[in-house]
Structures are given as structure tokens and as C-alpha cells.
Amino acid sequence: VIDSALYHRIRAATCDLCRPLAVEDYVVQTMPDASPTKWHLAHTTWFFETFVLARVPGYRPLDPRYHALFNSYYQSLGPPPPRMRRGTRSRPTVDEVYDYRRHVDAALQQCLERGEIAGELAAALELGLHHEEQHQELILTDAKTLFCDDPLAPIFRPRPSRAATPPVPLRWFSHPGGLLAIGHDGDAFAFDNERPRHRVHLEPFSLASRLVTVGEYRAFVEAGGYSNPSLWLSDGWDLLRAEGWEAPLYWFREGGEWHQATLAGRGPLSDDEPVCHVSFYEADAYARFHGARLPRETEWEAFAARAQPDGHFLDGGDLHPRPARDGDGPVQLFGDTWEWTASPYGPYPGYVPFGGALGEYNGKFMCNQMVLRGGSCATPRRHIRASYRNFFPPGARWQFTGIRLAK
Ligand SMILES: [Fe+2]
């Protein structure tokens with residue numbers, strides 16, 4: 001049973017994130033991968049309308065044309081509009097999109113009050129809330145592409161200044177390996193791609209105690225990491241050359257020094273922070289430079305399943321990763337930055353997709369992407385768990401993606 005207070009709290013949190021935006025900011029699409037805020041607000045609403053309300057007898061859509069317009073990628077619902085053109089439409093207006101949200105929220109509230117949401121509809125409603133949280137993170141990462149590229153350097157949200165901290169030494173935690181159970185256990189919500197729980201055999205391995213820092217990564221940049229092809233996978237080297245990568249996304253040189261653009265504006269690098277906005281290829285090259293490798297997702301989960309899912313999330317408010325503190329085991333497993341793993345994104349043995357059109361949610365992307373674990377400073381805390389599998393193509397850099405080493 002979904003409690004309507006939870007529904008409204010999560011929906012309102014999405015709108016709260018948008019408060020710093022001017023109306024013009026809602027409409028721009030910076031690249032095919034990133035969507036305009038206005039589209040995120042409409043599409044998350046469309047999800048509830050399509051998978052819940054449209055199946056309740058008597059529901060009347062605000063505008064039936066939105067059904068085709070805000071479909072992201074569900075081919076079984078009809079051909080979705082091209083993704084790269086989401087930023088080429090001024091209509092519906094931002095106000096109209098907020099009206100759409102209010103219309104759907106009010107209709108859902110009525111349905112919940114009348115007890116009309118049960119069984120499959122309740123499951124779709126719950127999925128819709130987790131979907132909404134995924135788009136909260138995307139609103140931030142997509143707005144970051146817009147703000148950080150702007151010559152006027154707008155600030156999305158200021159961040160309290162803090163004193164630099166001495167670096168926490170990197171330590172290694174060993175694991176004996178063996179036969180382990182991996183994947184989501186129990187009846188609580190999980191995406192289909194986290195199931196079923198199954199056994200894996202791991203060789204003995206070690207996991208780094210914390211994320212790679214900006215200072216450590218800067219040393220890699222300054223040691224010529226971006227000009228030594230022997231460190232790079234072939235596809236990564238080709239992309240580096242094609243896009244002219246010299247450093248992580250949002251790093252830029254000013255007066256001979258590296259600076260970075262953040263949601264709180266621009267400034268010099270802070271060496272104690274975790275590095276972020278690196279691709280899988282950069283994470284992999286960095287690991288090779290240090291004679292290490294990236295963890296497999298099962299290795300990461302073996303440690304994370306024993307850890308508290310605490311960390312620095314969206315709820316912390318910084319919208320930027322924080323320096324590590326020392327701990328008795330690996331720290332920063334949850335929050336701060338997503339961690340690239342060495343695991344290609346694929347189905348677990350016995351994988352069963354969600355039913356109907358929702359089967360398109362995760363399963364059809366199980367090719368040419370890498371798994372990321374642990375959530376970031378833009379992920380709502382409630383959204384993450386040890387079994388959670390995020391996935392992006394290996395060249396993606398605009399998410400809060402960082403590096404943890406293994407060996
Ligand atoms: Fe979506």
C-alpha cells in the first residue's frame with residue numbers, strides 16, 4: 001500500500017529542486033543525453049498517468065496528446081519522439097507542465113482515497129516513485145551541463161565553504177572470496193535488474209578504503225595520463241582523441257592551474273574531494289596507471305552488503321562530493337559519487353523483466369553499458385541500496401561518476 005503522504009513528498013521534492021531555475025533554464029537541451037528540466041517534470045508525470053491512472057476507469061487526461069509526447073523509450077506504447085529534439089519545443093509551456101503535474105497529482109490523490117490503487121497498479125505507483133527519484137538526479141546532472149557550460153558561470157545552489165582536510169590515507173581491505181549470494185533479497189522494492197539473488201564465486205581480492213581523490217587524479221593528469229595510449233582501452237583512446245579530453249569533465253585551466261565548474265560555481269580544485277565526472281575509460285586508465293583495476297560489481301556488493309547505506313546524498317544538500325573520513329572498513333561506498341565497476345551490465349541468471357510495457361524499463365539496455373554502484377551526492381538517500389545497479393555507456397561523464405580501485 002502506498003501512503004499518499006509519501007507520494008506527495010517525493011513529487012514535491014522534484015519541484016523543490018527546480019526552485020533555482022529561471023523559466024529559460026527549463027527549456028534548453030545541452031546534448032542528446034541530457035534532457036530539459038521541463039521534459040523531466042512532464043515525463044515523470046506521464047509515467048504515473050500512463051502506468052497507473054490510464055488503467056483506472058473514468059480517468060480523464062489533461063491533454064491526450066501528452067501520451068505520445070512524453071513517452072521516453074517505451075516502443076510498445078507507440079514510437080517515442082526523438083530524444084535529441086526534447087529541447088526544441090517551447091510548448092507545452094513550463095506553467096502548463098506544472099498544471100499537468102497538479103492534474104495528475106490530484107487524480108492520483110482521489111484514486112488513493114477511493115482505494116482504487118491495488119495490486120499491479122500499486123506496484124506501478126511504487127515503481128513510479130523510484131522512477132521520479134531517478135529523474136531528480138537527472139534534473140541535477142542535466143542542469144549541471146547547462147550551468148557549467150555557461151560563460152556567465154551561473155550558480156545553481158551555493159555550497160558552504162569548508163576548510164581543506166588532510167588526505168585520508170588509502171588502505172586496502174582484503175576479502176577471502178568464495179561462494180557468495182548477490183542480488184536483492186526479500187519483498188522490499190527493488191528493480192527487476194537486481195533480482196534474482198544468486199550465487200557467484202569470487203577469487204580473493206582487495207578493495208580500496210575510499211574513492212580516488214582529486215589530488216590523486218590530478219597527479220595522473222600531470223604525469224601525462226591523457227597522452228599515454230598504453231594506459232587506455234582502444235575505444236577510450238579513440239574517444240579521448242575525438243573529444244579532446246585532457247582531464248575530467250568540468251575541469252578547466254585558468255592561469256596555469258586546474259579549476260572546476262560545479263553547481264555552486266567555479267573555483268580551484270580541492271585535492272581532498274573525490275574526483276568525479278570521469279568516464280569508465282578514464283577510471284580504467286587511472287586504475288591501470290596504478291597497477292590496480294576497477295572492482296567487479298559482485299566484489300563491490302560483497303563489501304556494501306555488510307555496510308550501513310549511509311553517506312552523503314542529495315539530502316545532504318551540497319550537490320558535490322565530500323572528502324572521505326577514515327573508517328573501520330571501506331568508506332564512501334554509498335553516496336558522493338557513483339563507482340564505475342569492471343562489470344558489463346547484463347541480466348542475472350534467471351532474470352525476469354517487469355511485466356507488460358514496463359519490461360522495457362531496464363532489460364533492453366543490457367548491452368554496451370557498464371554497471372555503477374552506490375549512488376552519488378545527487379541521489380536521494382531513500383533511493384539507494386547495496387544491490388542497486390545503475391548503468392551508463394562507458395564514455396558517459398556527465399553523471400557524478402568516480403573511481404574506487406580494487407586489486
Ligand atoms: Fe524515465
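Order of listing sets the numbers, starting from 1, for every ligand and every atom in it.
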Under 2.8 Å from the Fe ion (ligand 1), protein N/O/S atom count? 3

Please work out whether the ring planes of H277 and F400 are parallel, tilted or perpendicular, with thresholds of 30° and 60°. tilted

Does R306 make a cation-pi contact with F303, if we ask for NZ or CZ under 6.0 Å from the ring centre and within 45° of the axis? yes

Does anything in residues 47-65 form a side-chain hydrogen bond (donor to acceptor under 3.5 Å, both in side chains)? List the pairs, not counting sequence neighbours. W46-T50, E49-Y59, E49-Y100, Y59-H103, D63-R65

Polar side-chain atom of R389 near backbone of N193 as donor-acceptor pair, under 3.5 Å: yes

Verify, without hydrogens or angle tests, whether R197 (side chain) and G183 (backbone) share a donor-acceptor contact under 3.5 angstrom. yes

Given the ring of W232, does R241 sit roughly above its face, with NZ or CZ under 6.0 Å from the centre of the six-membered ring and within 45° of the axis? no

